[in-house]
Amino acid sequence: MGSLHRSHRCGAIRPSDVGKRVTVMGWVDRTRDLGNLIFVDLRDREGTVQVVASAEDRAVLDKAKELRSEDVVAVVGNVIDRDDETVNVQIPTGTVEVRAEEIRLLSVSKTPPFPISEEQGTSEETRLRYRYLDLRRPRMQTNVRLRHEICLETRKLMDRRGFLEIETPFLTKSTPEGARDYLVPSRVHRGQFYALPQSPQLFKQLLMVSGFDRYFQIVRCFRDEDLRADRQPEFTQIDIEMSFVRIEDVFRLVESLLQRIFKVAGYDLTIPFPRLSYAEAMSRYGTDRPDTRFGLELRDVGNAFEESGFQVFRRILKEGGCIRGIRVPGKADYTRRETDELIRFVTELGTGGMAWIKSTAGGFRSSLPKSVGASVLQRAADLAELEAGDILLMVAGDESQVNNVLSLLRLHLARQENLIPEHRQDCLWVYDFPLLEWSEEDSRFLACHHPFTSPKEEDLHLLETAPERVRAKAYDVVLNGTEIGGGSIRIHRQELQARVFEALRIGPEEMQGKFGFFLDALRFGVPPHGGIALGLDRIVMILAGEQSIRDVICFPKTARAMDLMSGSPSGVSLQQQRELHLRLT
RNA sequence: GGGGCCGUAGUUCAGCCUGGUUAGAACGCCGGCCUGUCACGCCGGAGGUCGCGAGUUCGAAUCUCGUCGGUCCCGCCA
């Protein structure tokens with residue numbers, strides 16, 4: 001750089017700078033070489049500005065001729081107005097240009113493996129391998145900046161509301177329940193491991209025990225589970241815990257916070273958010289994270305078939321199953337091919353099949369056997385409030401499976417029929433989750449949220465007799481069908497915590513070994529407390545309009561949890577393994 | 001753990017179903033011409049282990065099996 005000092009950012013030069021002598025530095029985005037006149041688009045994080053070199057200054061022209069894409073250069077020159085006919089209305093710097101008096105090549109670039117200036121048409125694999133180049137692109141620069149602004153607003157608001165940002169350890173203790181842990185072997189303690197936190201859950205509760213009253217942290221969490229478009233092995237939470245609060249207090253804070261965050265992206269969120277009990281969400285949408293931007297709600301049509309001659313449905317009902325359906329308005333004109341495709345969609349999800357009833361001008365038409373009879377079809381149609389021209393798609397079976405399949409079918413139909421309003425943002429609360437859930441695999445109850453979630457007082461008497469009916473003071477916040485956060489009011493009394501552990505079949509020994517320190521803490525005067533964790537990556541993803549969480553994380557992992565750029569995970573030397581007392585099998 | 005789609009020039013793709021000349025295109029790259037371009041234009045050129053391995057075949061980018069990698073979904077993710 002020599003004696004040069006950057007005076008302006010390239011993309012920040014404005015008409016008001018006309019007449020100034022500036023020094024800009026950045027990357028060569030594109031050059032247009034007209035022989036004795038060369039245009040260089042110089043790019044930095046603020047955008048691009050056009051630099052002009054002409055034959056009037058031979059030395060500068062020759063220098064400009066050498067420039068190649070992604071070279072880093074410094075340009076000293078005067079900002080001048082462009083002639084009207086040469087204005088570029090597409091960029092903020094389009095009415096001006098920098099007439100170069102000196103061009104200094106600060107570093108040369110190899111030809112990049114893909115064009116930085118073309119946003120389209122590079123495989124994700126290539127982008128990830130050269131992530132530092134991909135991050136130069138305006139789209140990623142915008143996403144990263146949005147993420148920063150959201151974090152900044154979060155810190156500002158949380159500070160104003162009296163929260164302290166407090167760090168918690170990454171090298172922690174593995175606890176049962178929940179996701180698979182990432183483990184870190186201890187060198188000092190042979191055969192022992194730290195676990196990376198799935199969330200700072202216990203630590204933030206202990207901070208309440210310590211009297212910090214209001215805590216938050218923008219913190220990395222680790223879960224060793226299979227990946228998805230909206231799931232990474234390491235992801236970031238806005239983690240919050242508050243003392244002396246009820247559910248309402250948590251809701252109100254989070255609503256303000258999300259409203260503030262959405263404002264950053266230009267959206268006005270209406271608060272308070274609508275609320276749906278877990279039971280209502282399951283019955284109307286078949287899922288605890290419904291996308292409420294469109295209808296297609298689920299209907300229970302089991303009653304119509306109780307006495308019917310259709311043995312398949314009768315048997316399912318008798319065995320405690322259910323028959324539920326989705327009414328698709330105006331789609332009685334689905335062809336055989338279209339209904340078959342929908343049937344294929346649901347059977348691939350593992351259900352036995354799907355039946356349909358169409359309400360047409362000539363009466364009902366159905367895939368059910370003729371013997372079912374018109375009156376049964378009529379009753380099913382009535383239950384589903386089928387109108388002329390509608391189709392009813394029905395799935396029968398075990399309730400949780402039916403709900404699961406129909407909730408996915410509902411989304412599939414909404415996308416296929418274009419029923420989702422693109423720019424709408426639907427935030428809502430789902431509350432009154434069950435405390436426990438029966439696990440066939442473990443043949444015992446597992447915590448739906450986590451083992452420190454408080455049951456609702458009015459359901460406490462069921463904890464030993466009908467644990468599955470106990471509702472928890474747990475809640476999720478859902479945005480457009482994506483779970484963006486979840487939390488609960490916690491147990492703050494040791495006796496109740498012990499009762500819940502008992503319901504979870506966590507024996508006294510395991511209890512002491514895994515959570516002893518925590519149970520001890522619960523004996524020393526614990527304020528009633530609760531909190532929530534918001535999925536920062538998912539929120540940024542949705543606000544940035546991205547389809548993948550990877551596009552809002554600078555250095556993400558692939559679907560198989562690899563970092564294509566650095567090549568992790570990778571083997572380690574025998575020496576390292578020995579130090580950690582590890583031997584591979 | 002299971003299923004779908006994808007892997008061909010630096011990049012993005014076509015070719016593959018129906019095996020058979022020298023594997024094409026666009027962009028990029030290199031060279032030349034060009035003083036108002038902004039996806040500059042025009043002329044010329046270079047550039048390929050068809051992801052990898054095995055099999056079938058007289059012959060494989062093309063068919064089969066396996067494997068590696070990317071992606072999406074189901075399971076899983078308190």
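To find a chain, count down the sequence lines: A is the first, B the second, and so on, and within it residues start at 1.
Side chains of A/Gln401 and A/Thr351: a donor-acceptor N/O pair is absent below 3.5 angstrom, by distance only. With 3.5 Å as the limit, one finds no donor-acceptor pair spanning the side chains of A/Asp83 and A/Thr86. A donor-acceptor pair shorter than 3.5 Å can be found between the side chains of A/Asp181 and A/Ser174.
If you check B/rG7 for Watson-Crick or wobble pairing at under 3.5 angstrom, you find it paired to B/rC68. Base pairing of B/rC17: no nucleotide in any strand meets the Watson-Crick or G-U wobble criterion (both distances under 3.5 Å). In this entry B/rA25 has B/rU12 as its Watson-Crick or G-U wobble partner, both defining distances falling under 3.5 Å. Across all strands shown, B/rU37 forms no Watson-Crick or G-U wobble pair with both distances under 3.5 Å. Under the Watson-Crick or G-U wobble criterion, with both distances below 3.5 Å, B/rG31 is paired with B/rC43. Of the nucleotides present, none pairs with B/rA60 by Watson-Crick or G-U wobble criteria with both distances under 3.5 Å.
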I'd like a list of close polar pairs between nucleotides 70-72 of chain B and the protein, N/O only, cut-off under 3.5 Å.
residue, atom, partner, partner atom, Å
B/rG70, OP1, A/Thr558, OG1, 2.8
B/rG70, O4', A/Glu125, OE1, 3.2
B/rU71, OP2, A/Ala559, N, 2.6
B/rU71, O3', A/Arg550, NH2, 3.2
B/rC72, OP1, A/Arg550, NH1, 3.3
B/rC72, OP1, A/Arg550, NH2, 2.7
B/rC72, OP2, A/Arg550, NH1, 3.3

Give me the distances for all protein-to-nucleotides 13-15 of chain B N/O pairs that come in under 3.5 Å?
none

Taking only N/O atoms, report every protein-nucleotides 6-10 of chain B pair under 3.5 Å with atom names and distance.
residue, atom, partner, partner atom, Å
B/rG10, O2', A/Pro113, O, 3.0

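The backbone N or O of A/Ile484 sits nowhere less than 3.5 Å from a side-chain atom of A/Thr482 that would complete a donor-acceptor pair. Listed for the A/Lys204 side chain is a donor-acceptor partner under 3.5 Å among the backbone atoms of A/Ile240. Of the possible donor and acceptor atoms, one in the side chain of A/Arg137 sits under 3.5 Å from a partner among the backbone N and O of A/Glu118. With hydrogens and angles ignored, the 3.5 Å screen pairs no side-chain donor or acceptor of A/Ser488 with any backbone N or O of A/Arg490. Judged purely by atom type and a 3.5 angstrom limit, A/Gln50 has no side-chain atom pairing as donor or acceptor with the backbone of A/Val40.
A/Glu97 comes within 4.0 angstrom of a nucleotide base, judged by non-hydrogen atoms across all strands. Contacts of A/Arg99 with the nucleic acid, taken as non-hydrogen atoms under 4.0 Å apart, include base atoms. At a threshold of 4.0 angstrom between heavy atoms, the contacts of A/Leu227 with the nucleic acid are absent. Contact annotation for A/Thr126: backbone-only contact, meaning every heavy-atom pair under 4.0 Å involves sugar-phosphate atoms and none involves a base.
Every pair passing side chain to side chain donor-acceptor pair (under 3.5 Å) that includes a residue from residues 54-67 of chain A is listed here, sequence neighbours excluded: A/Asp33-A/Lys65, A/Asn36-A/Arg58.
One cannot find a donor-acceptor pair under 3.5 Å joining the base of B/rC38 and the side-chain atoms of A/Arg30. Checked by distance alone, A/Arg82 brings a side-chain donor or acceptor within 3.5 Å of a matching partner on the base of B/rC38. A donor N or O paired with an acceptor N or O is not found under 3.5 Å between the base of B/rG36 and the side-chain atoms of A/Asp83.
With sequence neighbours excluded, the residues forming a salt bridge (charged side-chain N to carboxylate O under 4.0 Å, His left out) with A/Lys557 are A/Glu234, listed by chain and number.
Taking the side chain as every heavy atom from C-beta outward, A/Val75 and A/Val22 never approach each other to under 4.5 Å.
Rounded to whole Å, the P atom of B/rG20 lies 16 Å from the corresponding atom of B/rC50. The separation of B/rC6 from B/rG47, taken at their C1' atoms, amounts to 24 Å, rounded to a whole angstrom. Nucleotides B/rG41 and B/rC5 place their P atoms 39 Å apart, quoted to the nearest Å.
Environment of CZ in A/Arg444: crowded, with over 12 heavy atoms of neighbouring residues, nucleotides or ligands closer than 6.0 Å.
Both A/Gln201 and A/Glu85 lie near RNA chain B, and the one whose nearest nucleotide falls closer to the 5' end is A/Glu85.
For RNA chain B, the residues of residues 31-56 of chain A within the heavy-atom distance limit of 4.0 Å (strictly under) are A/Arg32, A/Asp33, A/Leu34, A/Gly35, A/Asn36, A/Leu37, A/Phe39, A/Gln50, A/Ala55, sorted by number.
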